[in-house]
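Along the sequence shown, residues carry numbers from 1.
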Amino acid sequence: KDELNKISQVKTFTEKPNLEMAKSFLKSGDFLWNAGIFLWTANSIIEAMKEHLPDLSSLFEEGKDRFNTAEEDAFIENAYTHCTSISIDYGVMEKANNVHVLSSEFGWSDLGTYGSLYEHVDHDKDANAIVGKNIMLYDSKNCIVNVPDGKLVVAQGLDDYIVVESNDVLLICKKEDEQQIKKFVDDVKKNKGEEFV
């Protein structure tokens with residue numbers, strides 16, 4: 001664990017462990033954080049998908065004669081609609097036995113969450129992180145507000161909220177409930193269609 005720039009075989013790969021498991025991982029000191037940066041050869045990932053995601057693999061195998069032809073785009077677009085929705089982490093990395101890790105420290109941060117964005121944006125006197133030019137907050141603290149520069153936001157009385165506008169969709173939720181955003185997006189897809197996502 002304490003050796004940087006060392007390549008080691010991964011004993012276990014656990015995507016998004018629950019809170020108790022994550023705490024035990026941290027306490028043990030034997031685990032590294034996955035930055036989600038993967039390297040592989042085309043042949044090795046194709047073989048891994050054949051072994052661990054055979055349905056997905058065979059779906060694309062059907063189109064191998066169309067790759068690098070004028071029919072490739074249409075085939076991939078159609079095949080993609082039949083793919084199981086699964087991350088490479090769950091589908092391959094957790095199952096493969098030939099995964100290695102390079103332990104490193106390089107100041108990386110997952111800006112894929114609003115909480116992490118909050119940590120990297122300057123804060124005003126009330127600990128609000130503001131991204132946008134036309135935001136006016138009153139009696140509000142510990143919030144992140146991220147809207148396009150052309151949008152005016154006036155908010156009052158918020159504490160620990162996320163306020164985000166993108167593609168004419170406004171999201172307002174408690175920062176502590178940020179993990180529910182994926183559920184919100186799924187509900188929007190189900191109830192309102194793809195146009196808002």
Side-chain angles (χ1 to χ4, degrees), residues 1 10 12-38 80-81 83-94 101-197:
K1 70 178 183 183
V10 172
T12 183
F13 185 106
T14 305
E15 172 70 3
K16 293 183 179 62
N18 64 39
L19 181 60
E20 288 307 311
M21 186 178 286
K23 284 179 179 179
S24 71
F25 286 172
L26 286 172
K27 186 176 180 180
S28 78
D30 293 331
F31 291 82
L32 298 171
W33 190 267
N34 168 25
I37 302 168
F38 302 119
Y80 189 76
T81 63
C83 290
T84 303
S85 178
I86 188 168
S87 71
I88 198 72
D89 306 66
Y90 289 125
V92 173
M93 303 305 288
E94 284 190 359
V101 63
L102 172 65
S103 59
S104 301
E105 276 189 34
F106 47 89
W108 179 87
S109 177
D110 180 4
L111 290 180
T113 66
Y114 290 108
S116 61
L117 180 60
Y118 177 83
E119 299 300 323
H120 288 83
V121 173
D122 290 337
H123 298 84
D124 68 9
K125 64 180 177 47
D126 295 313
N128 295 303
I130 297 172
V131 181
K133 293 184 178 179
N134 296 306
I135 299 168
M136 300 169 66
L137 299 179
Y138 300 90
D139 305 317
S140 295
K141 61 186 179 182
N142 305 311
C143 295
I144 181 164
V145 182
N146 183 352
V147 298
D149 289 342
K151 190 70 69 171
L152 171 64
V153 172
V154 179
Q156 185 270 330
L158 298 179
D159 184 0
D160 236 21
Y161 271 80
I162 298 169
V163 179
V164 178
E165 195 260 337
S166 177
N167 299 324
D168 292 327
V169 175
L170 179 65
L171 167 73
I172 303 171
C173 75
K174 294 178 181 178
K175 275 194 330 196
E176 68 188 40
D177 294 334
E178 175 182 32
Q179 295 302 315
Q180 291 192 50
I181 291 175
K182 184 177 183 334
K183 178 191 180 318
F184 301 156
V185 170
D186 290 343
D187 288 349
V188 167
K189 283 181 188 176
K190 185 170 72 175
N191 297 312
K192 300 295 180 183
E194 297 280 339
E195 72 176 291
F196 292 107
V197 181

Val154 and Tyr138: which non-hydrogen atoms are nearest, and at how many Å?
-> CG1-CE1, 3.9 Å
What heavy-atom pair brings Tyr118 and Ile144 nearest, and what distance separates the two atoms?
-> N-CD1, 3.7 Å
Quick one: sort the Phe31 and Phe25 rings into parallel, tilted or perpendicular, breaks at 30° and 60°.
-> parallel
Less than 4.5 Å apart, side chain to side chain, heavy atoms only: is that true for [X] and [Y]?
X: Val169; Y: Glu165; answer: no
X: Met136; Y: Leu152; answer: yes
X: Leu137; Y: Ile130; answer: yes

Any donor-acceptor N/O pair, [X] side chain to [Y] backbone, under 3.5 Å:
X: Asn18; Y: Met21; answer: yes
X: Ser28; Y: Asp30; answer: yes
X: Ser24; Y: Ala22; answer: no
X: Asp126; Y: Asn128; answer: no
X: Asp139; Y: Gln156; answer: no
X: Glu178; Y: Ile181; answer: no
X: Asp89; Y: Met93; answer: no
X: His123; Y: Val121; answer: yes
X: Ser87; Y: Tyr90; answer: yes

Can you check salt bridge (Lys or Arg N to Asp or Glu O under 4.0 Å) on Lys190 and Asp186, steps first, answer last?
-> CA-CA 6 Å; Lys190 185 170 72 175; Asp186 290 343; over 6 Å; no
Can you check side chain to side chain contact (heavy atoms under 4.5 Å, CB included) on Phe184 and Cys173, steps first, answer last?
-> CA-CA 10 Å; Phe184 301 156; Cys173 75; 4.1 Å; yes
Measuring from Glu94:CD to Thr14:OG1, what's the distance to the nearest 0.5 Å?
-> 6.0 Å
Go through Val147 and Val131 one step at a time and tell me if the side chain to side chain contact (heavy atoms under 4.5 Å, CB included) criterion holds.
-> CA-CA 6 Å; Val147 298; Val131 181; over 6 Å; no
Tell me yes or no: between the side chains of Asn142 and Asp159, is some donor less than 3.5 Å from an acceptor?
-> yes
Look at atom CG of Asp122 and say whether more than 12 heavy atoms of other residues, nucleotides or ligands are closer to it than 6.0 Å.
-> no
Does Asn167 CG have over 12 foreign heavy atoms under 6.0 Å away?
-> no
Is it possible for you to check whether Lys175 lies under 6.0 Å from the centre of the six-membered ring of Tyr114, through NZ or CZ, and within 45° of that ring's axis?
-> no
Does the side chain to side chain contact (heavy atoms under 4.5 Å, CB included) test come out yes or no for Leu158 and Val163, once each step is laid out?
-> CA-CA 10 Å; Leu158 298 179; Val163 179; 3.9 Å; yes
